[in-house]
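So the structure is just underneath, and the comments pick up after that.
Remember, it's a predicted structure, so these values are computed and weren't measured experimentally. So that the names make sense, note that chain A is the first sequence line, chain B the second, and so on, each numbered from 1.
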Amino acid sequence: MIKLYNTLTRKKQEFSPVKDGWVSMYSCGPTVYNYAHIGNLRTYIFMDLIRRALKSEGYKLKGVLNITDVGHLMADSDDGEDKMLKASREQQKTPWQIANHYSNVFFEDIKKLNISKPEIIAKATDHIPEMIEYVVELVEKGYAYETSDGIYFDISKFPGYGSLSGASIEDNIAGARVEVNSEKRNPADFALWKKAEPLHIMQWDSPWGKGYPGWHIECSAMSRKYLGKVFDIHSGGVDHIPIHHENEIAQNEALTGKRTVNYWLHGEFMLVDGGKMSKSLGNTYTIKDLEERGYSPLDFRFFCLNTHYRKKLNFTFTALDSAKVSRERLMQQLASHKASTQKTSPEILDGLRSSFVAAIQDDLNVPLALGILFTAIKESKSQDIYTLALEFDKILGLSLTSDTSAITESFVLPAQVEILVAERTTAKKNRDFALADSLREEIARLGYAVADTKDGTRVTPLQK
RNA sequence: GGCACCAUAGCCAAGCGGUAAGGCAGAGGUCUGCAAAACCUCUAUUCUCCGGUUCAAAUCCGGAUGGUGCCUCCA
């Protein structure tokens, strides 16, 4: 039985699905107007861990991940420009081209990170009719009203507003520094549908003329379509708690009159050098950035796994280096376990296995689980340990089966360096170590390191 | 100003009332012409501080200090 921390109740709860043996799960996905940065990616690794853990508990999954390619209001609250449109204007491409490009890169990124793709990928622009239908229902039930620029949700009609974040409407208003839209009945009312200006590129016909959907309605409409009125899990980043998820709850429950999501799971933020990471501060990194600096995407995954998902994770390159080394040694050790013909006693194996499972079942305590893996590989070499590690890897997703040699990137050795290496080998054979050492220095000056191993001389590019 | 969360070795980090997991770095060793890599061993009487509860506290309570996030789009 797995326990998960539910933001709604603020405690760990035993997970029990609506439908026996099945888990219905909705995860807030990317807005595809830019590359995903490592902070975004941490949240998807978190989503992936939930999925893997539930799978290992024997559940079948029906997961939905949305791709927001429209309707994401930006800056200055509801008066802002759509992010897709902004990117589109800046990059001189159609919004559809932008969305396509960035979602392709997104899927490449998550693949590199061993993030399993949810069963259903839902693009917002493919679900405009469902969203319109949803808004129509809200208007009919009296939860929404029309203004000159759109349809708004009337928060005063939904007394339960704020249950997720624990903030009252008053708190939100008191702290709000937003311009008050005079036509809105309550400053916290949010847009369900926006009426488009004539030149707006992305617009659809609706009962209120041409326009485009608000962001929050997207998730409500699509989750209802694929998962029904009541489903098990909704995941996302902590930043979504106060506004986005609160709004989703308001929309959902206004229509159904009951709780629609049983478990709200939120992943904490990533910091960079101790502070906030954001596109506006320019301290975001992408997977490509990390790869260019010589890290494997899985080094980053390992780095994320080393901290619990509900704790802030401070990203530094020192920490990433540590993750890289740990992971490489782990792989090396496993390779020698694999090569062994020895056995490990079933008692030891069972002990390790049950501690690992217990760690995962306790609200995905992956850092503890990783520790157990490291404890396991310290056992005397045996193929059983290797097999056990592969079992663990179904949850960790670190590709522990991969050949260690795959870690070392291939590179082309300049002919000049190749000659020097050969000369050094000869010098060594003649026991002229002074010459050999000076040749090593020369090779180093050209940017390469030589190392003598049992299998001969290995040449690698020098770091940095 | 309001609301949260966090504080464990040089760094990262688990621990959730019973006497400090694990990783990186560091030290010593094996190996090596020397290095590097790899492997083995060691490395917090103590958990920001001050009170309190308890037979027992890193763990619970109160207070102080420090840090971070949110309150505006954001994973």
Whether Lys428(A) contacts A35(B) is assessed here as follows: a side-chain N or O lying under 4.0 Å from the phosphate OP1 or OP2. Is that the case?
no

Is it true that Thr68(A) and Glu218(A) share a donor-acceptor pair across their side chains at a distance under 3.5 Å?
yes

Out of curiosity, Ile372(A) CD1 to Phe356(A) CZ, how far, rounded to the nearest 0.5 Å?
7.5 Å

Between the base of C6(B) and the side chain of Arg310(A), is there any donor-acceptor pair under 3.5 Å?
no

When rounded to whole Å, the CG to P distance for the pair Asn314(A) and A13(B) reads 8 Å

Let's test this: given Watson-Crick or G-U wobble pairing with both distances under 3.5 Å, identify the partner of U53(B).
none

Near-ring test Tyr152(A)/Phe190(A), centroid separation under 6.0 angstrom:
no

Which whole-number value in Å describes the distance from Ile155(A) CD1 to C71(B) C1'?
14 Å

Please write out each protein N/O paired with an N/O of nucleotides 14-16 of chain B under 3.5 Å, distance rounded to 0.1 Å.
residue, atom, partner, partner atom, Å
A14(B), OP1, His308(A), N, 3.3
A14(B), OP2, Lys311(A), NZ, 2.6
A14(B), O3', Asn365(A), ND2, 2.9
G15(B), OP1, Asn365(A), ND2, 2.5

Side-chain donor or acceptor of Arg329(A) under 3.5 Å from a matching atom on the base of A38(B)?
no

Taking atom types as modelled and ignoring hydrogens, do the side chains of His266(A) and His245(A) form a donor-acceptor contact shorter than 3.5 angstrom?
yes

Could you walk me through whether Tyr285(A) and Tyr295(A) pass ring pair (Phe, Tyr, Trp, His ring centres under 6.0 Å), step by step?
CA-CA 12 Å; Tyr285(A) 297 100; Tyr295(A) 299 97; 10.0 Å; no

Phosphate OP1/OP2 of A37(B) contacted by Gln332(A) side-chain N/O (<4.0 Å):
no

Let's test this: given Watson-Crick or G-U wobble pairing with both distances under 3.5 Å, identify the partner of A21(B).
none

Let's test this: given Watson-Crick or G-U wobble pairing with both distances under 3.5 Å, identify the partner of A4(B).
U68(B)

Paired with A38(B): which nucleotide, if any, by Watson-Crick or G-U wobble criteria at under 3.5 Å for both distances?
U30(B)

Is Arg424(A) near enough to C34(B) that one of its side-chain N or O atoms lies under 4.0 angstrom from OP1 or OP2?
no

Is there a Watson-Crick or G-U wobble partner for U45(B) with both distances under 3.5 Å, and if so, which one is it?
none

Determine whether the aromatic ring centres of Tyr44(A) and Phe106(A) lie less than 6.0 Å apart.
yes

Result of checking Lys312(A), Lys311(A), Arg310(A), Arg42(A) against Glu268(A) for salt bridge (Lys or Arg N to Asp or Glu O under 4.0 Å)
Lys312(A)

